[in-house]
K.L.:
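Below is the structure I would like to discuss, written out as C-alpha cells.
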Amino acid sequence: MQRRSAARLSPLLLLLLLLLPLAWGAGPWPPRADRELQVSSRLAGQAARVALHYLNYRLGSPSALRALGQVRKATVKPIPGIGHKYYLQFTTEDYKSSQNVGTCLATVLYLKRKPRPAVNINCTYTKDQKQTREDDYSFYKKLRQQTKPITGNDTPDSYGHIEPALEPAWALAVAGSSYLMWEKSTENLGYFMAQVKNVKQWITKDDSIDFDYLVILHEIPTQEMISCHLRVIWTPGHPLKVKYFCLSENQRSESGEGSGTESGSTNGIFNEEEANF
Amino acid sequence: RVKPNSEEEINKLQLLETLEHLQLDFWLHPSNPALPVDIRVPFPSLQPVKVFLESHHIEYSILLEDLQVEKSTSLMERGTSNFNYGAYHPLESIYAALDDLAAEYPSLVSKQEIGESYEKRPMYILKFSTGGTSRSAIWLDAGIHSREWITQATALWTAQKIASEYGNNPSVTSLLNRMDIFLLVVTNPDGYAFTHTNNRMWRKTRSKNSGSLCVGVDPNRNWDAGFGGPGASTNPCSESYHGPSANSEVEVKNVVNFIKSHGKIKAFLTLHSYSQLLLFPFGYKCTNPADYNELDTVGKAAASALASLYGTTYKVGTICSTIYQASGGSIDWSYDYGIKYSFAFELRDTGRYGFLLPASQIIPTAEETWLGLLKIMEHVRDNQS
C-alpha cells in the first residue's frame, strides 16, 4: 500500500514544490529594507532549528521528530522596537533515519522583551502519517506495559550507543527537550540536546506516560553544557506536558512549564495525498 | 537477541529450535528466563521468525543487522596490525597504535615528542617522510577539544591511510615524494584522559587557574590571534575561557614552537566536531582574508570531494560568517603567521548525536574526510611557493 501511494505522490509532490515559492511570494514575504541572509549562515540555521524545536514540541510525537536538513532561503526583517523576524524555507529529515521528510516555511520572531521566540511554521510531510500514529501507539503500549519503571543513565553513552530498551524514553526526551530548547533560544543562543544523563519512569494510574529526566544541553556559541531536570507527561494525540528546571554555571536557575496552550502556530501537517492543488 | 520472560516463553523458543527447516543457529540456547537467547537467522527465515516472536509477544532486538557486512567491515577496520580503527580508544591504546604504525612502516613513519602537557603527558606527532632535507610540510592536528572524540579517531585512521597509500596511490605518492606530513592525533591529552575517567563532555585543558576553583583553558581561544577579543571568555569557569595570556597553555605553546622552528610548514589543518563545516580564517575579525577567493575555491572543492562518498554535506566559509566570531583560534594564528592554507574541519554530525557520535560512524567519517583532506593537500603540493 505504501508503494502505491508513493507512486501517486510524485506528481503531486512536484506540483507542491513548484507552488511553494509562489505561496511564499504571495504570502507574508517581507518587503524591501530586509536583509537576505546567506543560507549557510549560523543565524539562519539557528532560527530554523528554533522553529523545529517548536514543531517537535507541538506535535508531541516521538515517531515524527524532525531535524534540520538544509536551509533553502532566509531573510531577516528588523521590526523597530520589537525585534527581528526571520523568514525561512528549509528541508527537514526524520530524526532517526535522516531521510528527507519534507519542507517547511516558517517565521521566527525574536522579541526584545519576551524571552521566548514566536514561531509560525507550516510543513509538508512525506512520511505516512498513519504509520507514525501507529508507531507512536506501539511506543505508548510498550511503555504502558512496563510493570517495572524504566530507568537508565547516559543515553547515548560515551560511545554514542543507545540501548534499544531505552529508545522510546530517549525519543520522548527529545520531544520534551524541544519545548525547553524553544523556550531558552534567543537570536544569539542556540541549543542541542547532547545527552540524557538520567531517566526515570513514573508508573501512573491514569492513561499517561510519565518520565523524569536529567538532560544535558549543548549551548552555542558559549559551548556550555547546561543540566536540566525535565518532567514529561505524554498521552498520544494530546499536547505534551513539560516541566523543567535548569541549572547553569553562574547558579542562575530557570524553570518553565508547557502544556500545549502556548501562542505560536503550526497549521499542522498536510500530506501530499490530501492536498488539493 | 531474544529476551524470554517466562518458562512459557522458554518452551516456545525450544519449540522454535526444533524447526529444522528454518536453519536457525542458536548461539545462546534457551534455558533460563533470566538469560538472553541469541539466534543467527538466515535471511529466508527472517520473516517467519519475527512473526513467531511477535505473535507470542516475545521481546527481541537485533544485535547485528547483517553478519556478512559485519565480518567484512571488521576486517577493513583492523588493518594489518589488528587495531580496531572503528572504535574509540583510551589514550594509552592510541599511543600504542602510533608505535605500531611507526614499526610497521619504518621507512616512512617516525614518532617524535614535541613536548609535554600540563599534567606531564607526552605529546607525540607522527612524521611521514620519504627523506630529503628541510622539505616543506603539511601539519594536521586533532583533539584540541577533548570531547570531540571523532577527531582523534579520524586522525588515527588517517595516519594508517597515509602510510598504506604511499606507493599505491599516485597522488599520495607524489605528495610524499615532495613534502612531509606531520600529524598530531591528540593535541589535548590531559583533556582526553579526563573524558574517559571523569567527564565525557570536558572540552578544555586541565591547567589550574590561579584564584579560581575552576580548571582549564579553551585551547582554541589561547592562540596569539586577536587574543582576548570577542568570542572568548574572561571567566575561568567558562568553556571558552581564553586563559591568562596567549600561549599560556603548554599544549598550544608546544605546537607553536614546533611550527616556528620547522620553518617550512605550508598548510595548517585542524579537526574539530561537530557541525559539518569546512572553515578558513578569520574568526577573530569579521573581514575576509586576502586569499579569500583561493581558500573558498579550494574549500568548496574539498567539500565536494568529501560529499562524493556518502552524500555528507559540508558548508564552506570563513569562521566568522559561518560559525561565530571567536578570537584566539589556531588557524587564524597560522594564517597570520604566513601559512596560507589554513583550514578547520568540523566533522559529523549536525546535532543528533553531537559529541557522542556512534563508533559505527568513525570509518565512514574518516573515509569521507580523507577525500577532503587529500584535495587540499594536492592543491598545496601543486601550488607551494
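Labels below follow one simple rule: chain letters A, B, ... track the order of the sequence lines, proteins then strands, and each chain is numbered from 1. Predicted, not measured: the structure shown is a model, and the values here were computed from it.
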K.L.:
Check step by step if side chain to side chain donor-acceptor pair (under 3.5 Å) holds for Q223(A) and R221(B).
P.N.:
CA-CA 12 Å; Q223(A) 295 294 339; R221(B) 299 288 184 278; over 6 Å; no
K.L.:
Identify which of K142(A), Q70(A), H161(A), Q46(A) forms the greatest number of heavy-atom pairs closer than 4.5 Å to chain B.
P.N.:
Q70(A)
K.L.:
So which atom in W149(B) and which in S158(A) form the shortest heavy-atom distance, rounded to 0.1 Å?
P.N.:
CZ3-O, 3.5 Å
K.L.:
How close do P156(A) and L356(B) get, counting heavy atoms only, and between which atoms?
P.N.:
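The answer is O-CD1, 3.6 Å.
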K.L.:
Which of residues 324-332 of chain B have a heavy atom under 4.5 Å from any heavy atom of chain A?
P.N.:
Y324(B)
K.L.:
What pairs with F282(B) under ring-ring contact (aromatic ring centres under 6.0 Å, His included), at least two apart in sequence or on another chain?
P.N.:
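Only Y284(B), Y335(B) meet the ring-ring contact (aromatic ring centres under 6.0 Å, His included) criterion with F282(B).
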K.L.:
For S360(B), which atoms come within 4.5 Å of any heavy atom of chain A: side chain, backbone, both, or neither?
P.N.:
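Neither part, no heavy atoms under 4.5 Å.
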K.L.:
Is it true that atom OH of Y310(B) has more than 12 heavy atoms of other residues, nucleotides or ligands lying nearer than 6.0 Å?
P.N.:
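Result for OH/Y310(B): enclosed.
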K.L.:
Does any backbone or side-chain atom of Y88(B) lie under 4.5 Å from a heavy atom of chain A? Answer side chain, backbone, both or neither.
P.N.:
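For Y88(B), backbone and side chain are both near chain A.
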K.L.:
Less than 4.5 Å to any heavy atom of chain A: does that hold for the side chain of Y241(B), its backbone, both, or neither?
P.N.:
neither
K.L.:
Please determine, among R147(B), H196(B), M201(B), the option with the most heavy-atom pairs under 4.5 Å with chain A.
P.N.:
R147(B)
K.L.:
Examine distances only and state if a side-chain atom of E224(A) and a backbone atom of E239(B) form a donor-acceptor pair shorter than 3.5 Å.
P.N.:
yes
K.L.:
Would you say Q99(A) has more than 12 foreign heavy atoms packed within less than 6.0 Å of its CD?
P.N.:
no
K.L.:
Check each atom of T222(A) against the heavy atoms of chain B and say whether the ones under 4.5 Å are side chain, backbone, both or neither.
P.N.:
backbone
K.L.:
Applying salt bridge (Lys or Arg N to Asp or Glu O under 4.0 Å), which residue pairs with at least one partner in residues 162-180 of chain A are found, sequence neighbours left out?
P.N.:
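Qualifying pairs: K96(A)-E167(A).
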K.L.:
Does any backbone or side-chain atom of D154(A) lie under 4.5 Å from a heavy atom of chain B? Answer side chain, backbone, both or neither.
P.N.:
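Neither the backbone nor the side chain of D154(A) comes within 4.5 Å of chain B.
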K.L.:
State, to 0.1 Å, how close G160(A) and P358(B) come at their nearest heavy-atom pair, and which atoms those are.
P.N.:
O-CG, 3.6 Å
K.L.:
Let me confirm one number: the CZ-NE2 distance from R203(B) to H218(A), rounded to the nearest 0.5 Å.
P.N.:
7.0 Å
K.L.:
Can you pull out the residues in residues 185-196 of chain A with any heavy atom less than 4.5 Å from chain B?
P.N.:
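F192(A), M193(A), A194(A), Q195(A) fall under the 4.5 Å cut-off.
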K.L.:
Measure L43(A) against the heavy atoms of chain B and call it side chain, backbone, both or neither at under 4.5 Å.
P.N.:
neither
